[in-house]
Amino acid sequence: MKIVIADYPDVLGRELEKEYAFLREVIPDAAIVTHPYTDPEAFYDEMQDADGLLTAFIPLDKTVLDHMPALKAISINATGYNFVDLEETRRRDIPVCAIGEYCTQEVADHTMALMLALDRRLKTYIRTVDSEHCWKYYSVRSSVVKM
């Protein structure tokens, strides 16, 4: 069995050890290949005998799927399916799954940080520092009502 982890080079620039460890645990005899997607033809060649594909952003339409005759499953390591032609994968009986929860904690943390930045008017403060070269430490007050 061959599993291909493929995506654009900047996306694949992250640590993939968790994916490799999981795949080795679940399918110990699988050949796992990482393929940086830069050229469609090279990708098609890599996918000719692939049983599974793990990707986030490579568009998978009918034309692309035609180059994957052995494909049995697609796993999207992102939250959506918008890059996959689901009608075509259904027709070919290729299951597609996505991560149910992706960066949930990070999104919540970032949302809280942005809310605090808005409350403290940090954008205005940064603009004052950058344009007037003036550091008015106490000019930024919270608008939160104190109890």
Side-chain angles (χ1 to χ4, degrees), residues 1-133 135 137 140-144:
M1 176 172 283
K2 178 180 175 182
I3 310 291
V4 177
I5 301 173
D7 229 312
Y8 297 101
D10 59 328
V11 177
L12 285 181
R14 61 185 174 75
E15 178 62 47
L16 295 171
E17 193 51 44
K18 285 186 180 183
E19 286 87 341
Y20 273 90
F22 177 77
L23 289 169
R24 280 190 217 108
E25 180 183 327
V26 176
I27 314 167
D29 61 331
I32 305 166
V33 176
T34 302
H35 180 84
Y37 182 87
T38 55
D39 172 43
E41 293 302 321
F43 177 62
Y44 299 157
D45 290 345
E46 189 68 65
M47 292 302 298
Q48 277 297 308
D49 59 345
D51 297 287
L53 172 63
L54 177 64
T55 189
F57 301 110
I58 296 176
L60 301 170
D61 61 13
K62 182 184 182 321
T63 304
V64 174
L65 292 168
D66 284 344
H67 291 88
M68 304 176 185
L71 195 63
K72 295 175 183 70
I74 299 169
S75 181
I76 308 297
N77 56 346
T79 55
Y81 302 91
N82 53 315
F83 292 102
V84 181
D85 182 343
L86 293 176
E87 294 280 328
E88 189 61 28
T89 56
R90 269 191 218 106
R91 192 181 71 69
R92 296 172 190 244
D93 199 27
I94 300 172
V96 179
C97 62
I99 296 172
E101 207 169 290
Y102 180 75
C103 291
T104 302
Q105 187 63 44
E106 292 82 355
V107 170
D109 290 348
H110 190 66
T111 301
M112 291 304 297
L114 290 174
M115 288 171 52
L116 291 170
L118 284 170
D119 179 61
R120 296 298 297 225
R121 298 177 183 92
L122 291 184
K123 185 76 172 172
T124 302
Y125 182 69
I126 290 168
R127 194 175 309 118
T128 302
V129 170
D130 289 345
S131 64
E132 299 173 21
H133 305 289
W135 289 261
Y137 300 113
V140 181
R141 299 265 186 225
S142 174
S143 62
V144 176

Would Val96 and Leu60 count as a side-chain contact (heavy atoms from CB on, under 4.5 Å) here? Give the steps. CA-CA 11 Å; Val96 179; Leu60 301 170; over 6 Å; no

Parallel, tilted or perpendicular for Tyr37 and Tyr8, by the 30°/60° rule? perpendicular

Quick check: closest heavy atoms across [X] and [Y], and the distance to 0.1 Å?
| X | Y | result |
| --- | --- | --- |
| Val4 | His35 | CG1-CB, 4.0 Å |
| Glu19 | Glu15 | OE1-O, 4.0 Å |
| Asp7 | Ala56 | OD2-N, 2.5 Å |
| Ala30 | Ile3 | CB-CG1, 4.1 Å |
| Met47 | Leu71 | CE-CD1, 3.9 Å |
| Ala6 | Leu53 | CB-CD1, 4.0 Å |

When you compare the side chain of Val129 with that of Arg127, does any pair of heavy atoms fall below 4.5 Å? no

Ile76 versus Phe83: any side-chain heavy-atom pair under 4.5 Å? no

Donor-acceptor check, side chain of Gln48 to backbone of Met68, threshold 3.5 angstrom: yes or no? no

When you check the gap from the basic side-chain N to the acidic O, do Lys2 and Asp49 get nearer than 4.0 Å? yes

Can you establish whether the number of heavy atoms outside Glu87 located under 6.0 Å from its atom CD is more than 12? no

Can you list the steps and then say if Asp66 with Arg92 is a side-chain contact (heavy atoms from CB on, under 4.5 Å)? CA-CA 10 Å; Asp66 284 344; Arg92 296 172 190 244; 2.4 Å; yes

Would Phe43 and Thr38 count as a side-chain contact (heavy atoms from CB on, under 4.5 Å) if you check the C-alpha gap in whole Å, the side-chain angles of each, and the deciding distance to 0.1 Å? CA-CA 8 Å; Phe43 177 62; Thr38 55; over 6 Å; no

